[in-house]
Amino acid sequence: MTKNDIDHYAVIGNPIAHSKSPLIHTEFAKLTNQQLAYTAELVEIGQVESFIKSFSSHSGKGLNVTVPFKIDAFNLATELTERAQRAGAVNTLTLKHNKILGDTTDGTGLINDLIKNHHQIIKNRQILVVGAGGAVRGVLEPLLLESPASLIIVNRTASKAQQLANDFATFGNISACGFNDLDNKQFDLIINGTSASLSGDLPPLPDKIFSDNACAYDMMYAKEPTIFMQWAKEQGAKIILDGLGMLVEQAAESFYIWRGVRAETQNIIKKLRS
Ligand code: ATR
């Protein structure tokens, strides 16, 4: 079999060298006995469309899409799943018969990590989501489908939080507020969906915001606990998680979309941790 006969998948982004997706998908392929190649591809800004065309004509069957191309992928998809339409972004493209099918697996990744890997309960809980950018938009629908008692979005720019609350109102009890409105409120699960951890910043959350047995979840991950995770520890959060499990779970969902089989995720999560 020549290299060209093997189905090829890739993650595209800029930058991309840091991506763990090739490692994760290669492991999934091994675990499920699938013959495929998965690489990381650096794409120049403005070149996504021509890259997809060329990739597709060279055994390219699917792409994961990361920063800054999730909106490009959304616009270039010839068909979108409903969840991708509502998320307004795409992280998974399937290339089939000249069609580009767009989907998003970030939300499923978060839910699977919280519920399956960490046995967290969302139903009837008070949830706070911090941030109102693309990353948060992608996880609101699956969170609300788990029927929390309430889901509040708080964001530095309050109008963006309000917009999201309006957009997802049909899925459950969702509302928005500013950081100043959080005094004396407590939450069972606080998810940091801001990019603040990247720059070592902490969203201005008040003290005593975690209920007993609360969980703090940073959608980011790094070698060391993020500043949000360190703060959550000081504040007494019972369970403190980063986004590594979400990364692996969203990859597993993409793999399932492409190959129709579910790969076991625990070993690769452990491997990446170590
Ligand atoms: P992403 O696609 O990763 O969500 P984004 O759309 O640029 O990126 O959104 C970044 C989010 O992080 C926003 O909610 C942003 O708040 P604003 O809407 O007010 O810009 C939030 N954010 C970034 N840096 C922050 C900081 N230092 N403190 C609080 N929020 C921050």
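Predicted model, so just to flag it, every value in this text is computed and none were measured. When a ligand or atom number is given, it counts from 1 through the structure's own listing order. Throughout, residue positions are numbered sequentially from 1 according to the sequence presented. Heavy atoms only: backbone and side chains are in, while hydrogens, waters and symmetry mates are out.
- Scanning the protein for heavy atoms near atom 19 (O) of ligand 1, the closest one is T157 OG1, 2.5 Å.
- The protein atom (non-hydrogen) at minimum distance from atom 26 (C) of ligand 1 is R156 NH1, 3.3 Å.
- The nearest heavy-atom contact from the protein to atom 13 (C) of ligand 1 is N155 OD1, 3.9 Å.
- Considering only non-hydrogen protein atoms, atom 21 (C) of ligand 1 sits nearest to T194 CB, 3.6 Å.
- Between D106 and K70, at least one side-chain N (NZ, or NE/NH1/NH2) sits under 4.0 Å from a carboxylate O, which counts as a salt bridge.
- Taking any N or O of K160, backbone or side chain, at least one lies under 3.5 Å from an N or O belonging to ligand 1.
- Here the heavy atom of the protein found nearest to atom 5 (P) of ligand 1 is G133 CA, 4.0 Å.
- Defined by atom type and a distance below 3.5 Å, a donor-acceptor pair is present between the side-chain atoms of T226 and D218.
- Note on ring orientation: taking the six-membered ring where Trp is involved, the planes of H25 and Y38 are parallel (angle under 30°, cut-offs 30° and 60°).
- Looking from atom 7 (O) of ligand 1 to the surrounding protein, the closest heavy atom is S195 OG, 4.9 Å.
- Counting non-hydrogen atoms of neighbouring residues, nucleotides and ligands closer than 6.0 angstrom, the NZ atom of K116 exceeds 12 such neighbours.
- Inspection of the S211 and D188 side chains reveals an N or O donor paired with an N or O acceptor under 3.5 Å.
- Around atom CG of D212, no more than 12 heavy atoms belonging to other residues, nucleotides or ligands sit under 6.0 Å away.
- Closest protein heavy atom to atom 8 (O) of ligand 1: G134 N, 4.5 Å.
- Here the heavy atom of the protein found nearest to atom 4 (O) of ligand 1 is A135 N, 2.9 Å.
- Near G131, meaning under 4.0 Å from one of its heavy atoms, ligand 1 places the atoms 14 (O).
- The 12-atom threshold is not exceeded at CG of N180, counting heavy atoms of other residues, nucleotides or ligands nearer than 6.0 Å.
- Heavy-atom contacts from other residues, nucleotides or ligands closer than 6.0 Å to OH of Y256 number 12 or fewer.
- Distance check on atom 2 (O) of ligand 1: some protein heavy atom falls below the 4.0 Å cut-off.
- Checking only distances, P203 never comes within under 3.5 Å of ligand 1, N or O to N or O.
- Interface of D201 with ligand 1, defined as ligand atoms under 4.0 Å from a residue heavy atom, comprises 27 (N).
- Residue-to-ligand polar distances place A132 within reach of ligand 1: an N/O pair is separated by less than 3.5 Å.
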Next on the checklist: Could you go through R83 and E141, starting from their C-alpha distance and side-chain angles, then the distance that decides it, and tell me whether this counts as salt bridge (charged side-chain N to carboxylate O under 4.0 Å, His left out)?
Outcome noted: CA-CA 8 Å; R83 63 184 180 182; E141 177 184 344; over 6 Å; no
